[in-house]
4 protein chains.
Amino acid sequence: MIERYEQSEVSAIFSDENKTRLWDETEIAVMEAYAESGEWPASDAKKVRQILLNHPTDLKWWKKREESLKHDLNAYLEERLRHIPVELQHLLHKDLTSYDTEESAFVRMLAAATKLVLAALDEIEKALGNQAKQHRFTLLVGRTHGQPAELQTHGKRCITWLQQLRTDRRAVELAGGSLRYSKISGAVGNWGQLHPEVERLALERLGLEPFCGATQVMPRELYKPLADALASVVLTLDKIGLDIRLNARPPYPLYQEPFGKRQKGSSAMPHKKNTIRTEQLEGMARMASSYAAGIAQNIRTWEERAIEQSCIERVFWPDLFHVTLYSLRSLTNVLKGLVIHRHNMNIEIVMGRGCHATAGAKEVLKALIAPYGLKAEDAYRIVQLAAFNLFEEDVPKLAWADSYEEAEQQLAEFAAAWQPVGQPATLEQHVLSASLRPSPQLDASPWKIKQWNRTLKRVFAEEQACIEWRESFRPRNILRHEARLFEELRLT
Amino acid sequence: MIERYEQSEVSAIFSDENKTRLWDETEIAVMEAYAESGEWPASDAKKVRQILLNHPTDLKWWKKREESLKHDLNAYLEERLRHIPVELQHLLHKDLTSYDTEESAFVRMLAAATKLVLAALDEIEKALGNQAKQHRFTLLVGRTHGQPAELQTHGKRCITWLQQLRTDRRAVELAGGSLRYSKISGAVGNWGQLHPEVERLALERLGLEPFCGATQVMPRELYKPLADALASVVLTLDKIGLDIRLNARPPYPLYQEPFGKRQKGSSAMPHKKNTIRTEQLEGMARMASSYAAGIAQNIRTWEERAIEQSCIERVFWPDLFHVTLYSLRSLTNVLKGLVIHRHNMNIEIVMGRGCHATAGAKEVLKALIAPYGLKAEDAYRIVQLAAFNLFEEDVPKLAWADSYEEAEQQLAEFAAAWQPVGQPATLEQHVLSASLRPSPQLDASPWKIKQWNRTLKRVFAEEQACIEWRESFRPRNILRHEARLFEELRLT
Amino acid sequence: MIERYEQSEVSAIFSDENKTRLWDETEIAVMEAYAESGEWPASDAKKVRQILLNHPTDLKWWKKREESLKHDLNAYLEERLRHIPVELQHLLHKDLTSYDTEESAFVRMLAAATKLVLAALDEIEKALGNQAKQHRFTLLVGRTHGQPAELQTHGKRCITWLQQLRTDRRAVELAGGSLRYSKISGAVGNWGQLHPEVERLALERLGLEPFCGATQVMPRELYKPLADALASVVLTLDKIGLDIRLNARPPYPLYQEPFGKRQKGSSAMPHKKNTIRTEQLEGMARMASSYAAGIAQNIRTWEERAIEQSCIERVFWPDLFHVTLYSLRSLTNVLKGLVIHRHNMNIEIVMGRGCHATAGAKEVLKALIAPYGLKAEDAYRIVQLAAFNLFEEDVPKLAWADSYEEAEQQLAEFAAAWQPVGQPATLEQHVLSASLRPSPQLDASPWKIKQWNRTLKRVFAEEQACIEWRESFRPRNILRHEARLFEELRLT
Amino acid sequence: MIERYEQSEVSAIFSDENKTRLWDETEIAVMEAYAESGEWPASDAKKVRQILLNHPTDLKWWKKREESLKHDLNAYLEERLRHIPVELQHLLHKDLTSYDTEESAFVRMLAAATKLVLAALDEIEKALGNQAKQHRFTLLVGRTHGQPAELQTHGKRCITWLQQLRTDRRAVELAGGSLRYSKISGAVGNWGQLHPEVERLALERLGLEPFCGATQVMPRELYKPLADALASVVLTLDKIGLDIRLNARPPYPLYQEPFGKRQKGSSAMPHKKNTIRTEQLEGMARMASSYAAGIAQNIRTWEERAIEQSCIERVFWPDLFHVTLYSLRSLTNVLKGLVIHRHNMNIEIVMGRGCHATAGAKEVLKALIAPYGLKAEDAYRIVQLAAFNLFEEDVPKLAWADSYEEAEQQLAEFAAAWQPVGQPATLEQHVLSASLRPSPQLDASPWKIKQWNRTLKRVFAEEQACIEWRESFRPRNILRHEARLFEELRLT
């Protein structure tokens with residue numbers, strides 16, 4: 001991974017230093033397991049163990065040797081033997097094939113990196129939980145299809161984000177469950193030389209247990225779900241970032257990424273404050289998806305193994321962890337510093353003119369007009385027409401511009417004349433006053449509309465009907481059940 | 001492809017009817033090529049030709065036969081032989097291997113379907129060209145990172161969309177170039193039985209030419225670029241759709257998808273008009289990308305061929321064409337019926353308070369303040385500060401809500417008090433009046449700001465400086481080069 | 001999915017018939033939950049329930065209606081209302097948004113199709129288990145990197161295949177765990193109208209439980225692991241198929257796909273018996289991977305939902321299930337009818353000349369030569385040299401062919417002279433007789449080789465050394481631990 | 001890219017050193033274009049140019065600055081300004097937005113790296129061409145579905161590989177055609193400040209031309225085909241590698257990867273010579289496909305641009321080039337050192353017993369038996385039966401083994417008794433002698449077989465028939481057209 005996105009702990013885990021150290025640990029574990037089973041004195045094993053731990057692999061020597069052997073594990077073994085007295089050399093790599101040494105190291109690297117991811121998930125979940133609590137009563141219009149929908153709170157949106165991440169975390173944890181297996185069972189997986197009990201004992205020392213049915217290598221089916229789950233994490237981070245980006249758009253941005261006091265948004269346009277971190281998450285999701293798609297193919301190998309998977313595992317696994325961890329940390333920082341424009345959230349509700357309540361209002365109306373012979377369909381169409389009416393009223397008709405000059409002139413006139421809606425007419429009032437009128441956007445005949453208005457007038461002659469209707473627009477009423485979410489997640 | 005997205009012309013091309021007809025044509029072409037080279041009388045070939053054309057393959061018989069033979073081409077041949085008199089049967093499939101018959105049919109199906117795509121591209125390019133012309137002077141703030149950037153026109157945005165599609169079209173055409181090759185060169189591609197000249201003559205009759213170096217099959221490297229190019233088309237359609245969706249968001253939607261007069265946007269919320277067609281394009285892009293990724297892998301086969309590619313080609317090629325064509329047609333309809341809210345485009349400019357001109361204004365200022373010892377960096381920071389100042393001024397401070405009731409109360413008060421900006425303060429005026437003030441968002445000391453204001457005051461004491469400054473905000477000035485784009489594409 | 005690969009049960013599950021039936025069930029469940037909570041008489045709910053069950057949705061009417069509404073759920077509701085008396089119509093879809101009706105149906109379709117997959121996995125696991133038992137003692141040289149490695153049995157190979165599939169099954173089951181959740185919580189997921197208790201009661205009736213934190217839709221993070229797991233199944237099937245294909249290659253094929261007595265392998269070459277089913281699995285794996293990659297992207301949506309995921313879910317989920325099930329059933333058939341050429345397995349061992357034992361033989365030698373001052377590295381190089389020696393001995397040197405005639409002549413002479421190895425010299429004997437000689441393939445000086453031979457001669461002067469050496473080549477010795485695998489999986 | 005696969009020239013191209021140098025060149029080109037258009041004295045531009053060239057960007061300073069600005073191009077500009085006298089600073093970055101500076105540098109990096117790929121393609125094509133010429137007459141049985149098919153030469157197989165690579169090269173070249181475009185047209189692509197002519201002149205100096213219709217950035221549709229083409233190259237390399245692996249399998253390997261004289265194939269099994277390089281190509285193809293799939297998604301951006309594509313382009317483009325170049329060079333080395341076992345190619349033909357000629361022989365037989373009332377179908381079935389007969393004859397029947405001891409015993413007996421086929425019975429002779437017999441693998445009645453034998457006896461009573469029949473098995477006859485391929489590619 002390039003420096004820009006590199007996470008140092010991940011680099012450390014997948015470094016040659018660490019890898020050869022883990023190889024040492026496998027070799028030692030086998031040696032000790034053999035000692036335990038009486039193959040040689042425990043003291044001999046202890047001696048070699050001490051030597052190996054005192055003399056970490058000389059990485060330069062190793063690399064150089066590999067060039068002529070074309071086999072990294074054999075080169076490693078030759079390096080190790082340099083430090084061991086001849087009479088103890090037979091303890092090293094006894095009855096092992098290369099991947100007996102390598103597999104457990106590989107799986108332990110995955111496990112260590114997975115721990116980092118889980119810790120970073122803790123962080124972001126905490127940040128989201130805090131934000132959910134803090135904004136438990138911060139009104140916010142939900143959006144579906146990018147359009148204003150029903151009312152909710154920002155806290156509730158945080159909960160939906162949180163629960164998506166928790167779904168991913170669950171997948172990471174389940175996938176991580178496979179990382180407890182490994183194998184030391186020889187060249188084709190039937191313990192050619194080494195006794196199954198030695199495998200068990202050695203793996204136990206490494207905190208692992210044998211997988212029943214390995215070949216020379218562990219089946220890659222075991223690791224695919226982890227890559228898939230990591231990609232899922234980054235896809236979810238991107239989804240959260242996307243929501244932030246979408247709502248950071250002027251004129252009434254609800255969210256804004258933290259922006260440093262010396263930061264520059266653009267070399268050309270000084271006013272810019274761009275959502276660069278959340279945008280980047282989309283790129284990260286593309287990367288993570290690509291890495292996971294590549295890793296998935298590693299299931300495909302020949303018979304008792306071939307080495308197709310090796311190069312891609314050397315590159316994609318660390319890169320996938322870098323990307324996942326970078327993305328988790330980046331979004332955590334964004335969330336912690338997120339600027340939340342509560343007044344713009346209110347503006348959005350006001351400018352929605354009551355449409356945030358159409359779902360409930362329509363139900364109320366359905367009941368109210370039923371006695372007058374109107375049906376559910378009428379209630380639906382009345383509210384729809386009323387909503388369309390409202391947003392048609394203040395649209396000026398612009399003549400066509402045939403030159404930049406004319407366009408400029410129009411703009412100037414428009415700016416001078418523009419009266420943005422201060423106290424906008426609301427759906428609540430529009431229906432209550434029974435003043436529906438035809439709309440170019442809907443197939444509703446004047447006759448039909450007349451009938452509707454007549455009915456509405458009758459309906460709202462009753463004080464109780466008016467109360468019910470008005471009630472259906474009140475946030476406290478609309479949000480009456482939302483508390484349940486916070487309670488269930490103990491975010492109160 | 002499911003009925004919902006199926007394009008009937010694509011289904012026809014990839015139908016068994018058409019496939020067996022194309023197989024007939026290959027067989028006939030070879031027969032006639034043989035006749036031409038003297039192998040048998042032209043009249044014999046003509047007879048068989050007539051028989052085959054008069055008796056299209058009985059698809060039921062064929063399918064049934066295939067079940068026991070497990071070989072579709074062999075079953076087809078047996079079906080065909082049923083109609084041919086014994087003495088002429090040796091003319092059929094003479095010296096051919098199955099794929100000699102199949103390959104040219106396959107490539108001709110791809111070519112026919114590609115034609116449909118190119119025709120649909122014509123349509124959408126025309127729609128975009130028309131819209132570009134029509135909106136050549138429709139002012140629109142460009143957006144980068146979702147934030148208002150410099151001024152442009154809607155016509156110019158159409159041009160950028162158009163040119164992206166033309167880039168894809170070029171890729172489709174280049175990829176289509178490979179569809180002129182095919183092979184009739186036997187089981188391993190070295191014309192075991194059939195003479196290369198017969199291959200050439202037969203392919204010529206089919207409008208094709210031999211590929212030098214085929215095996216039993218054509219190398220799939222030839223077709224991968226076509227799948228990639230089709231995916232690129234759909235990705236671009238999705239990008240255009242994305243721009244439409246992004247700008248269809250209230251409160252000031254610039255675009256709106258056509259919405260039928262009897263359409264319903266939601267079963268619960270009658271006011272909804274959702275961007276369902278442009279959203280769907282994103283799903284289509286996911287599909288197209290998936291199909292192309294699968295097809296790419298068909299390069300991988302064993303030696304002179306194996307049949308890994310067959311099942312995926314039977315499914316993914318038609319499905320990729322269905323998706324591409326469906327998407328092209330869907331977006332063309334959206335574009336043709338696109339509602340363009342020009343007044344909202346103006347509102348956006350007005351509410352931007354002049355930030356659409358910061359790139360140029362900063363340059364003008366740089367020159368104006370230089371004589372007073374201020375640097376480019378100062379010009380940048382002055383404009384940045386001015387812009388931040390403007391958007392900080394009218395933000396009310398909201399107290400914290402601890403219950404839905406309180407939130408509701410706040411909202412009600414807010415709505416009552418809200419004075420949306422009518423004639424908003426502009427950047428142009430703010431700098432001109434030398435009234436910069438500190439901002440919590442920027443590291444600029446009061447002392448520095450004082451210096452800036454002092455300089456600005458001096459600068460704008462000159463009438464000429466004011467003219468230059470004001471000029472930098474005028475659309476006609478900002479857009480002075482845009483015409484070039486329209487001219488170059490002959491969209492004037 | 002095209003007819004060729006379509007699985008009728010999958011089609012039934014994802015059919016409009018079934019979908020609208022499941023929608024009915026959601027609507028009924030909500031109605032009954034409402035009745036339970038006292039909203040209306042249980043008898044009313046019962047009446048509507050009966051009506052809906054007695055009148056399945058008229059699919060034609062529904063489709064036609066959808067065309068004008070552009071909303072499938074709304075069209076469905078209108079269809080349903082046709083059958084319900086006016087006074088009971090308010091029971092239908094009360095307080096629901098479209099996806100409240102749709103989500104549980106969707107997840108139940110996934111669950112039903114997943115059951116089919118698990119049943120098919122049962123079948124193939126049984127077939128593999130049987131084959132493992134049957135071939136518990138069928139000797140087979142393992143292959144790594146395509147090269148003969150250590151000895152194993154065919155039964156053991158079956159176990160490795162089996163355990164890979166079981167790893168996938170575990171992933172399918174874990175992923176399936178998410179299918180117990182759904183939501184009926186309104187347009188933005190906070191139960192705008194409907195009480196959370198009604199959701200709980202209704203879902204309970206459908207065998208489901210509420211997901212805490214849904215938006216309008218369920219988060220797609222829940223379903224991605226299922227698609228990934230299905231792709232993993234098909235990738236594993238392809239891996240097994242690949243092993244079969246690799247070992248079905250003449251001259252000594254170990255496996256052969258079942259071949260019908262009337263089957264034709266090729267239209268040109270009558271002798272062909274191709275591995276078409278196992279090859280096809282590779283194409284199926286490409287398809288499954290593509291579908292899963294597409295489905296993964298459905299996590300990405302806008303805010304409380306947009307509809308990007310809908311089209312791809314309509315197409316890719318059923319197609320992924322078709323492909324998975326088709327592949328499972330196809331390979332199960334191949335395995336059940338698999339021809340196993342045991343004599344060729346023996347030929348392979350014999351022609352390996354004892355190399356199947358080099359891992360152990362090298363260890364034995366290491367111990368035997370140690371007293372003579374030779375090291376582990378010498379043991380390794382002696383066995384390596386001996387192996388290379390053996391395969392160099394019988395390679396005739398061919399002159400260069402400059403024309404087809406000459407090549408033909410050479411071939412004829414070669415054929416006449418060729419003495420295939422009958423009782424081939426073995427590694428066992430070659431080392432025992434201390435007759436190592438230089439090899440062009442290895443850097444080992446004549447001096448070194450002399451030293452080795454001298455030592456070997458001394459070593460094998462001892463009868464016990466000979467016994468140990470010979471023992472290391474005996475299958476019963478090499479396979480002494482394999483039994484453990486069969487025992488652990490209870491395949492004895 | 002990790003060191004193991006890193007290609008130093010690629011690293012150099014994408015290094016910060018080179019990138020900032022290319023940025024310098026863009027800035028200089030614009031300065032000079034401005035000078036040319038009279039904006040400032042050419043001598044000023046020359047001075048700044050000299051300063052920039054003499055003072056390469058101080059990368060450390062730059063990185064540090066970027067940390068606080070969060071904008072790499074702005075940080076670069078500040079670094080550059082450090083070296084330029086105040087009175088000339090206005091020449092730098094005049095009227096540019098960041099991506100005006102960056103885009104041409106980016107495209108020039110792609111172009112430079114593409115050149116490396118084309119040069120490496122030259123190398124491998126030359127290697128393949130040489131091998132094709134050298135082995136123009138090296139007989140080799142083609143394989144379809146892994147099964148022996150018709151005869152060809154190894155030279156011809158090389159040609160098919162070569163032509164696949166040339167197809168890819170063509171795609172790389174076509175895709176490379178888009179790399180001649182770039183843009184210097186401001187923040188939204190309509191030359192806010194900078195005149196289109198200055199763009200043209202500046203790009204011309206950089207060897208580029210303007211793209212009509214850019215936004216702030218170039219449309220990524222232009223680069224996707226290059227990534228796709230590079231992936232195609234690696235997929236083809238993998239396909240070639242696959243053919244080598246498949247034919248490197250004992251007992252009669254046709255090819256063998258070069259194996260160093262000090263190389264070790266396995267830490268456990270000294271005899272191993274593994275196909276590690278060609279196996280690795282499959283991993284490389286997985287990587288390249290993943291990178292290309294990720295890059296494809298970069299088409300998707302918001303409006304006039306957002307920065308989703310940046311991180312993935314920083315990582316995937318260089319990595320894709322590393323992988324492509326590494327793979328090209330690796331396979332070139334494999335091909336140059338490829339060991340070709342011609343005697344095993346002959347063994348394969350001999351052991352095929354004449355099946356390499358069934359396609360032609362069947363045709364000859366068809367004509368020969370026609371006068372006796374037998375049909376094409378009979379000819380097909382006779383040859384099929386004869387072929388099956390041949391391979392059934394020498395299969396010993398093995399009793400079942402119930403223990404390792406028994407299996408071992410069987411193996412020993414088998415080895416002792418095994419008579420590998422020396423002068424195997426051939427298809428040619430088997431049919432000629434009219435000795436067809438029933439086969440358990442085919443539905444052919446004894447009566448039918450009798451009829452066939454009777455006819456064959458009559459047919460081959462004629463000397464001429466025997467000659468024709470025999471002729472159909474002769475390589476010179478079978479390969480009579482192959483020369484055409486070599487001639488067409490001038491490989492004679």
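This is a predicted model, so every value here is computed, not measured. Proteins get letters first, then strands, A, B, ... in listed order; numbering begins at 1 in each.
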Trainee: Check whether Glu348(C) gets within reach of chain D through its side chain, its backbone, both or neither, counting any heavy atom under 4.5 Å.
Mentor: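 Glu348(C) has no heavy atom closer than 4.5 Å to chain D.
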Trainee: With heavy-atom distances below 4.5 Å as the criterion, would you say the side chains of Met351(C) and Trp418(D) are in contact?
Mentor: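 Counting from C-beta outward, Met351(C) and Trp418(D) do come under 4.5 Å.
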Trainee: For the residue pair Trp302(C) and Trp302(D), does the interplanar ring angle fall in the parallel (under 30°), tilted (30 to 60°) or perpendicular (over 60°) class?
Mentor: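 Ring orientation, 0 to 90° scale: tilted.
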Trainee: Which value, rounded to the nearest 0.5 Å, describes the distance between Arg143(C) atom CZ and Asn274(D) atom CG?
Mentor: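 It comes to 11.5 Å.
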Trainee: Go through Ala361(D), Ala357(D), Ala416(D), Gly352(D) and name the one with the most non-hydrogen pairs under 4.5 angstrom from chain C.
Mentor: Ala416(D)
Trainee: Among Cys355(C), Ala379(C), Ala149(C), Ala444(C), who wins on heavy-atom pairs under 4.5 Å with chain D?
Mentor: Cys355(C)
Trainee: Does any heavy atom of chain D fall under 4.5 Å from the side chain of Arg480(C), the backbone, both, or neither of them?
Mentor: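 Neither part.
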Trainee: How close do Glu408(C) and Arg476(D) get, heavy atom to heavy atom, and via which atoms?
Mentor: OE1-N, 2.9 Å
Trainee: Look only at the side chain of His271(D) and the backbone of Pro148(C), and say whether a donor-acceptor pair between them is shorter than 3.5 Å.
Mentor: yes
Trainee: Can you say whether Glu363(C) sits under 4.5 Å from chain D via the side chain, the backbone, both, or neither, judging by heavy atoms?
Mentor: neither
Trainee: Can you say whether the rings of Phe388(C) and Phe259(D) are parallel (under 30°), tilted (30 to 60°) or perpendicular (over 60°)?
Mentor: perpendicular
Trainee: Once rounded to the nearest 0.5 Å, what's the spacing between atom CZ of Arg342(D) and atom CZ of Phe414(C)?
Mentor: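 Rounded to the nearest 0.5 Å, the CZ-CZ separation comes out at 10.5 Å.
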Trainee: For the candidates Pro250(C), Ala387(C), Ala401(C), which exhibits the highest count of non-hydrogen atom pairs separated by less than 4.5 Å from chain D?
Mentor: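 Of the candidates given, the most pairs with chain D belong to Pro250(C).
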Trainee: Give, as side chain, backbone, both or neither, the part of Thr278(C) having an atom under 4.5 angstrom from any heavy atom of chain D.
Mentor: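 Contact with chain D is absent: no heavy atom of Thr278(C) under 4.5 Å.
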Trainee: Among Ala293(C), Ala386(C), Ser403(C), which has the most heavy-atom pairs under 4.5 Å with chain D?
Mentor: Ser403(C)
Trainee: Which atoms of Leu479(C) are under 4.5 Å from chain D, going by heavy atoms: the side chain, the backbone, both sets, or neither?
Mentor: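 Both parts, backbone and side chain.
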Trainee: Apply salt bridge (charged side-chain N to carboxylate O under 4.0 Å, His left out) to Arg300(D) and list each qualifying residue two or more places apart in sequence or on a separate chain.
Mentor: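 Here the qualifying residues are Glu282(A), Asp238(B), Glu282(B).
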Trainee: Which bit of Pro253(C) is near chain D, if near means a heavy-atom gap under 4.5 Å: side chain, backbone, both or neither?
Mentor: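 Nothing of Pro253(C), per the 4.5 Å heavy-atom cut-off to chain D.
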Trainee: For Gln384(D) and Pro270(C), work out which heavy atoms get closest and say how close.
Mentor: CG-O, 3.2 Å
Trainee: Heavy-atom count check: over 12 atoms from other residues, nucleotides or ligands less than 6.0 Å from Lys448(C) NZ?
Mentor: yes
Trainee: Identify which part of Gln147(C) has an atom lying under 4.5 Å from any heavy atom of chain D, answering side chain, backbone, both or neither.
Mentor: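 For Gln147(C), heavy atoms of backbone and side chain both lie under 4.5 Å from chain D.
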Trainee: Picking from Lys273(C), His356(C), Glu405(C), Glu150(C), which has the most non-hydrogen pairs under 4.5 angstrom with chain D?
Mentor: Lys273(C)
Trainee: Is it the side chain or the backbone of Glu406(D) that comes within 4.5 Å of chain C heavy atoms, both, or neither?
Mentor: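 Glu406(D) has no heavy atom closer than 4.5 Å to chain C.
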Trainee: Pick from Arg136(D), Gln134(D), Met345(D), Arg245(D): which one has the most heavy-atom pairs with chain C under 4.5 Å?
Mentor: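 Answer, by heavy-atom pair count under 4.5 Å with chain C: Gln134(D).
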Trainee: Going by salt bridge (charged side-chain N to carboxylate O under 4.0 Å, His left out), name the residues that satisfy it together with Arg277(D), two or more places apart in sequence or in a different chain.
Mentor: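 Partners of Arg277(D) under the salt bridge (charged side-chain N to carboxylate O under 4.0 Å, His left out) test: Glu257(D).
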Trainee: Counting heavy-atom pairs closer than 4.5 Å to chain D, which one of Thr275(C), Leu139(C), Asp402(C) comes out on top?
Mentor: Asp402(C)
Trainee: Check each atom of Arg474(D) against the heavy atoms of chain C and say whether the ones under 4.5 Å are side chain, backbone, both or neither.
Mentor: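 For Arg474(D), the contact with chain C is made by backbone and side chain together.
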Trainee: Can you tell me which portion of Leu427(C) sits under 4.5 Å from chain D's heavy atoms? Options are side chain, backbone, both or neither.
Mentor: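 It is neither, since no heavy atom gets under 4.5 Å.
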Trainee: Can you say whether Gln297(C) sits under 4.5 Å from chain D via the side chain, the backbone, both, or neither, judging by heavy atoms?
Mentor: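 The answer is neither part of Gln297(C).
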Trainee: Please state whether the side chain, the backbone, both or neither of Thr144(D) comes within less than 4.5 Å of a heavy atom of chain C.
Mentor: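 Answer is both: backbone and side chain atoms of Thr144(D) are under 4.5 Å from chain C.
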Trainee: Could you check which of Ile382(D), Leu385(D), Leu442(D) has the highest count of heavy-atom pairs closer than 4.5 Å to chain C?
Mentor: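 Top count of heavy-atom pairs under 4.5 Å with chain C: Leu442(D).
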Trainee: Side chains of Asn247(D) and Arg249(C), heavy atoms from C-beta outward: is any pair under 4.5 Å?
Mentor: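 Yes. Closest side-chain heavy atoms under 4.5 Å.
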Trainee: With a 4.5 Å cut-off on side-chain heavy atoms, are Pro475(C) and Tyr404(D) touching?
Mentor: no
Trainee: Go through Thr138(C), Val383(C), Leu246(C), Asn344(C) and name the one with the most non-hydrogen pairs under 4.5 angstrom from chain D.
Mentor: Leu246(C)
